[in-house]
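Here is the structure we will look at, set down as C-alpha cells.
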Amino acid sequence: MIHSLFLINCSGDIFLEKHWKSVVSQSVCDYFFEAQEKAADVENVPPVISTPHHYLISIYRDKLFFVSVIQTEVPPLFVIEFLHRVADTFQDYFGECSEAAIKDNVVIVYELLEEMLDNGFPLATESNILKELIKPPTILRSVVNSITGSSNVGDTLPTGQLSNIPWRRAGVKYTNNEAYFDVVEEIDAIIDKSGSTVFAEIQGVIDACIKLSGMPDLSLSFMNPRLLDDVSFHPCIRFKRWESERVLSFIPPDGNFRLISYRVSSQNLVAIPVYVKHSISFKENSSCGRFDITIGPKQNMGKTIEGITVTVHMPKVVLNMNLTTTQGSYTFDPVTKVLTWDVGKITPQKLPSLKGLVNLQSGAPKPEENPSLNIQFKIQQLAISGLKVNRLDMYGEKYKPFKGVKYVTKAGKFQVRT
Amino acid sequence: MSAAPAYSEDKGGSAGPGEPEYGHDPASGGIFSSDYKRHDDLKEMLDTNKDSLKLEAMKRIVAMIARGKNASDLFPAVVKNVACKNIEVKKLVYVYLVRYAEEQQDLALLSISTFQRGLKDPNQLIRASALRVLSSIRVPIIVPIMMLAIKEAASDMSPYVRKTAAHAIPKLYSLDSDQKDQLIEVIEKLLADKTTLVAGSVVMAFEEVCPERIDLIHKNYRKLCNLLIDVEEWGQVVIISMLTRYARTQFLSPTQNESLLEENAEKAFYGSEEDEAKGAGSEETAAAALPARKPYIMDPDHRLLLRNTKPLLQSRSAAVVMAVAQLYFHLAPKAEVGVIAKALVRLLRSHSEVQYVVLQNVATMSIKRRLEVLTNLANETNIPTVLREFQTYIRSMDKDFVAATIQAIGRCATNIGRVRDTCLNGLVQLLSNRDELVVAESVVVIKKLLQMQPAQHGEIIKHLAKLTDNIQVPMARASILWLIGEYCEHVPRIAPDVLRKMAKSFTAEEDIVKLQVINLAAKLYLTNSKQTKLLTQYVLSLAKYDQNYDIRDRARFTRQLIVPSEQGGALSRHAKKLFLAPKPAPVLESSFKDRDHFQLGSLSHLLNAKATGYQELPDWPEEAPDPSVRNVEVPEWTKCSNREKRKEKEKPFYSDSEGESGPTESADSDPESESESDSKSSSESGSGESSSESDNEDQDEDEEKGRGSESEQSEEDGKRKTKKKVPEGKGEASSSDEDSDSSSSTSESEMTSESEEEQLEPASWRRKTPPSSKRAPATKEISLLDLEDFTPPSVQPVSPPAIVSTSLAADLEGLTLTDSTLVPSLLSPVSRVGRQELLHRVAGEGLVVDYTFSRQPFSGDPHMVSVHIHFSNSSDTPIKGLHVGTPKLPAGISIQEFPEIESLAPGESATAVMGINFCDSTQAANFQLCTQTRQFYVSIQPPVGELMAPVFMSENEFKKEQGKLMGMNEITEKLMLPDTCRSDHVVVQKVTATANLGRVPCGTSDEYRFAGRTLTSGSLVLLTLDARPAGAAQLTVNSEKMVIGTMLVKDVIQALTQ
C-alpha cells in the first residue's frame, strides 16, 4: 500500500522522508514538483499523480505537502484519509502541524509514523493508542526524562489496542470532570440577484472536549433530532441507538474530538440571517461604474450578527474604487481586484452601507456580469438550524461531571449574486 | 529552557545551525574521510554503557535518516545495541535496521537471534515488534526463519501479535514469492480468526498474496459481514472492496429484474429518502406493476452484505463511505443505490483532496466537474432548477466554463425530451452572443440537437445559415454546413445560396470547413442538381488542387461518385443513398462514460488507466454458484461446550439489553468482555448447542431438554423481534440488531408466537447443519412468492387469499431469518435425478429422509409426479408415527400423502411413495414430516425435467406439432458439445436423464428429437438437438409453456456441456 512518505514545505524542500518498504529515491518527488509548477495555485496540485513506476498521492495541509508514494492499486481516498490522519496526529501531538514543529520533534514523528503504518498498511491510528505508545512531548516530561533516563516510549501494549473501544484508554483520571460540546453550524447559500435563495444548506458539527475519569457512558439527546438530515458519526457512537431512539449514546474518547457532523439541507429549514441590497452597474463606453451595497439583518432570531466581512472579486477591468462607508472599513487591492469590507456588528437601527464610484480601464469593454459578493458572519449562542441539546446523561461513573454546550453559527460559502 | 536538553540537542542534529555538521553531500566526495570522523562521536556514544547517551545518539541518527541523509556507515555500531534494555533505544535501533538492513545483509544477520528471542517474550508488544522488524528487514537468507515466525505468530494468544503476523505475510511474499502456498495456508488460518483486530489485516494480506483464491472467503463470508462494523476503518475499506469482488462472483445481478419481495421491503425502508431515489423509484413502481416476471430473488447473503454495510455510509472516514458507495453502486439493486447520494454529497464538504477524488468518482475538474455532476443528476423534476443555474453560469466571464455549460445543456436536452425545445431556444439566443467561442459551442450543440428532430426546426436552420457570414470558428462553420447539407430539403432556397457564398471563400477556409463544403456541394448536387451543378463542379475543382491531401481525396471521391460518367455508373446510382442516408442522432455523453469499467473508487478508475495490482471487477455470473459453500461447518464438540458456558455467562447481558443491544453495542457497552465476545458468539453458541446434541445421540433425554431451552430462547428472540417489528433478520441474536430499519410489515405481528417459534427453530438449526440439508428447508420458504410467477394463469388462476398473505409474511420472516442461503433455485435447478436429501441426519435427530423422482406414473392421479421417499433411522430409538402433517401448500399444488409408517426401528429403512401435483411449475412443495414427537419442515422441489412424461410420436407427427409451436413458443439456443459428449448414446442419455422425455425416431443422424407432455396441463414439450460435426449444436425447445421451455433449455444445456 503506502510505500513511502515525503513531507515537503512550500519552498519545495523535502524535509522528512519515511519508507515503509524498500527505499524510494527522493527523485520521485520531481514529478510532484512538475505538477506543482503546472498548477496555478498550491491548492490546485492534483492529489493523484501518475508517474512511470509509482503513483503519488498528496495532500496539502497547513502549508505542507504530504506526498505518499504508492506502487499498487489502492483506493485513493484510503491514502488521502490516512495522510490527513497523520496530519491530525501531528496537530494533536505538537499543537500545530508545521515544518518547525515537525523538525523539532523529528524523532517522535518518526516513531509515530513507524507505529501508524506497518508495511504500508495502517496499524494504530487512534490517538489514544498512540499516546500510550509514544507520549506526547511536554516540557515537564522532558525534564523528568533527562533526569531519570526513562523514555517517552511505552513498553506495554496499549489497552485500547485490544479492546472494543480502541479510542479510549483505561485509567483516565481527572480532578475536574468536564464535558463540553460545541455546536458549530455553517450556512452555505447562494442568493440570486432578486434576493431569493437558489441554494441553502447548513453544515453542522458537534465538537466535544471531554475530560472525564474512568469509563463514562454518555448519552446526549436533542430537543429536535429529526432536523438532522445526514449525519456522520465518530466510531464511538452506537448506531443502533441513534436509529431507534435518536439519542447519541457513546463512550467518549479522551480529550478533543468531533462527535458528529451533520447536514440540514431542506431549504425551507435554512434561515438566511442577512440580506444585501445591491446595485452595481457599469456604464457602457465610459470608464466608470456605480457600486452600492447595504447589508441588513433578517431572521436573526434576536441575536446580534457580528464579524461581518464582505469580499468581492471585481472584474479585471476595474482599476480603482472610490467608496464611502457608514460603518467599518474597506480595502481594495488593485492587483488582485479584491474588495474587502470589514463591517463588524449590525445594528438594525442603522444599516451599514458602502457606496461610491468604480474606475474602469478606459477603452475596455464593460464587464458582462456583475461580481458576486461573498459574505462572512458569525452569530454566537445560536444554532441556525434550531438544533438544541436537550440533556446529557452519564452512566457508569459515580461522580458528577460539569457539562456545557455552546452554539455558534457562521457563514460557510455564502454568496450573493448581483 | 534548559529543561529540554535531549530535544534541543536533537534539533541541532536534524535541522537548524547544526545541519551542516551531519550533512552528507554526495556530490563532494572529498568529504568522505572527514565524514567518518564526524560520525565518530556518535559511535562513541553508542559504545558507552549509558542509555541516555545511546538514546541521544540514536535520536540524532534517526534524524539523519528522516532527512534522507546516509547513515549506513554506522551500521555495526548501531546493530550492537539491538539488545539494549531501554525500550526507546531499542525502537530506534529497529527503525535504523529496517532502513539499512537490506544494504548490509551480513551484518543484519547478527541481529536475528535477538528477534528470535523477542518472539518468545511474554510481553505481547515485544513479540509483535520483534516480528514486525524481523519481517521488515528484507534479507532473503532469513526467509525460512520468517516463515516459521509467521506461522507461530498466527496462532499466538494475542490478537495483536496475530495482526502483526497478518501484516508480515505480504512482506514475506514480496521477498520470496515461492512461499505462496505456505502463506496461503497461514492466510486461511487467519481468515478464520474471529477478532476484529485481525480481520482487516488478513484481508489485506489476502488481497496482496492470493486475490484469486476467492474460495477461501466462502466460509468466512458471513463472519466478515457481521464483524465489519466493528473493524477499524482501514480494515473496513479493504474488506468492503474485497467483498465487492466476491459478491460479483457469487451472486446474481440484482438489476436484471427487481424482486417483488425486495421492493416491498425496501420501499418502506427508504420511504423517507424517496426524493433521493426518485429516478429509481419510478422504475421500482414500474417493476412492481409487472410482478409477473421476476425470477430474481436476492441471495440472503447478498442482502446481508448490503444491510451490514449501509450503516457505514455514516462513517467519518471518507474512504469507508466511498467504499460503501462503490459497493452499492456495483452490487445493489437500482432502487437502493440512491441511499449513497446523501453520503457522497456530505463528502464534498471535506478536504479538497477528498472532494477531488469523490467528484472524479461521481463524474471532471473544478467547475466543469460540477456540471458533470449536475447533468448526470438531472431528471425531469429538477431540470428547471438546473437550467436556471446554467443560465447564471452562461453569464460567467470564464469562457471555457461557458462552453462547458453549453455542452452540459446539450446533454440535458438530449436526455430529457421535455426541455429540449426550451434548451434549443436558449441556445439559439446564445448565437447572438458577442463571444465567438460561445456561439461556436452553441452551434455545435444545436447541430447535435437538431439531428434528433430536424423536421420542426427549419427556422433555426435558416437562422444558422445567416450566421455563416459572421461566425469564424471553423468547428461551428463546419457544423452549420453539415446541418444545411443534411436538411437541405427543409431549406431548399437557402442552401444553394450558402454554397455559393462558401464557394467564393473556399480557398480561405480551414480544412474541416472545406470538407464540409464538399459534402454540402455533393448533397445539394444530388437533391437539386439544376441549381448547383456548376457550383459543385467549381468547388470540386478548387478542392482538387488543395494543399491538403484529405481534401483532394475527398474531392476526387465525390466527383467519381456523383458526376455520372460511363464507368462509374453503378456507383453514382447509389450516390444518393450514400450521401443522404438518414444518420442516427448522436448520443451526447459525458466524458466519464468510458470509466465505468473500472471499479469505482479505485486508483485505476481515478487515473482511467490500469494500475499495477488492480483486480478486475468480475461480471455477474450467469448462474449463481453454489451458495452452500458459505455455510459454516458444525464446530467440534469440545469447543462448543466452552461456548455454551460462555453463553450462560453472557445471557443476562443479552437479555438485559434486549431491545437495543447488538453486536456493535455489545462491543461498545461492555468493554470488559473480551474482544472475542462480540457479534458472532451469540450465533455460534446457539449452534454449538445444537451440534452438541447431534453428536451426542445417546442422550436423547437431555437433548429434549436442551432443545426445549433453546426454543424457549428463540421464542424470546422471536418476541423481541415482533416487538421491534423488524421484518427481516437473519437469525436469532446476531441478526435482529443488524436491521435497524424501522419497518414495514405489520402483518407479521398477526403471526402467532407459536408459528414463529416453529419457524425459528429450524432456522437456528439450519444455519449450522451441513450444506446438503439446507437446500430443502430453505427453498421451501420462498416458494409462496415464486408461485405467482411460475404458475401460468391459464392453468391455475392466481388466488392470493388473505391466509396466504399472512403466511407469506411468515415465510418472509423465515426467509431472512435463516442465515442459510437461498438458492435462486429456479434459475439453477438441479439437473441430476439421483437421490436428494430431504432431511439430514442432524436436523432430523437421527431420521434421514431422501427422495428420488421415480418417473413412474403415479397410480392415484396421472397429473402427479411420483416421488419415492426413503426413510432410514440412524438414531438408536425407534421413530414412530411417520406421516405427512398439514401441508402448507401454495395454490394449485397438491400432495397425495403416503400411508403412515407406524414405526421405524433403529437402523431400519423404509420407502414410501407420494404423489405431488406441481402444477407445471418448479415451485417447491412444502410440507411437514411428523413423527410422534417432532415435526420437520421439508420441501421438495422438482427439476423442470421431472414435470413431464414422455410421449411417443412419429417423426411426421413431431414435425407437425413443432410447426404449431413456433414463434414465441420456440426457444433456441446454441451450444458447444464437449468432446466427451458427442456420441449418440451419451447425448440421448444425458438429455433423458435431465428431462423425462421420450426419444422420437429421426431420419438424419445428427439430429435428436424428444417429446413429452407436462403432467398437469398436458402441454406438449418438444426438444430438438441439432448437432453439427465440430461440436457446435443448436438446441430447440417448442412448448406452449414458455417458462418450462426456457428452464428446460437451460437444464439441458447445462447437462450437455458439463
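Chain identifiers are assigned alphabetically (A, B, ...) following the order of the sequence lines, protein sequences preceding nucleic acid strands; residue numbering begins at 1 within each chain.
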Sort [X] into side chain, backbone, both or neither according to what part of it lies under 4.5 angstrom from a heavy atom of chain B.
| X | result |
| --- | --- |
| A:Phe233 | both |
| A:Ser22 | both |
| A:Gln26 | side chain |
| A:Leu117 | backbone |
| A:Phe82 | both |

N-O pairing of [X] and [Y] below 4.0 Å:
| X | Y | result |
| --- | --- | --- |
| B:Glu102 | A:Lys21 | no |
| A:Arg85 | B:Glu233 | yes |
| B:Arg67 | A:Glu17 | no |
| A:Asp118 | B:Lys171 | yes |

Under 4.5 Å from a heavy atom of chain A, the part of B:Ser201 involved:
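Both parts, heavy atoms under 4.5 Å.
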B:Glu103 portion near chain A, given a 4.5 angstrom heavy-atom threshold:
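For B:Glu103, no heavy atom lies under 4.5 Å from chain A.
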Could you tell me if the side chain of [Y] sits less than 4.5 Å from the side chain of [X], heavy atoms only?
| X | Y | value |
| --- | --- | --- |
| B:Leu92 | A:Val107 | yes |
| B:Ser136 | A:Asn119 | no |
| A:Glu111 | B:Glu88 | yes |
| A:Leu123 | B:Arg132 | yes |
| B:Met322 | A:Glu81 | no |

Using a 4.5 angstrom heavy-atom cutoff, name the option from A:His19, A:Arg258, A:Lys18, A:His234 with the most pairs to chain B.
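Sorted descending by pairs with chain B, the first entry is A:His234.
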Against chain B, work out which of A:Tyr395, A:Phe121, A:Tyr262, A:Phe15 has the most heavy-atom pairs shorter than 4.5 Å and name it.
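The residue among A:Tyr395, A:Phe121, A:Tyr262, A:Phe15 with the greatest pair count is A:Phe121.
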Let's test your reading of the structure: which of B:Glu232, B:Gln314, B:Met204 forms the most heavy-atom pairs below 4.5 Å with chain A?
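Looking at each option in turn, the highest pair count goes to B:Gln314.
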Decide side-chain contact (heavy atoms from CB on, under 4.5 Å) for B:Val98 and A:Trp20; before the verdict, give the C-alpha distance in whole Å, the side-chain angles of both, and the deciding distance to 0.1 Å.
CA-CA 8 Å; B:Val98 171; A:Trp20 283 276; over 6 Å; no
So, for B:Arg316 and A:Pro235, which heavy atoms are closest and what is the spacing to 0.1 Å?
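Heavy atoms of B:Arg316 and A:Pro235 come nearest at NE-CD, 3.2 Å.
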Locate the shortest heavy-atom distance separating B:Ser315 from A:Ser232; write the atom from each residue and the value.
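Closest heavy-atom pair between B:Ser315 and A:Ser232: O-CB, 3.6 Å.
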Under 6.0 Å between ring centres, would you say that holds for B:Trp234 and A:Phe78?
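Between A:Phe78 and B:Trp234, which both carry aromatic rings, the centre distance is below 6.0 Å.
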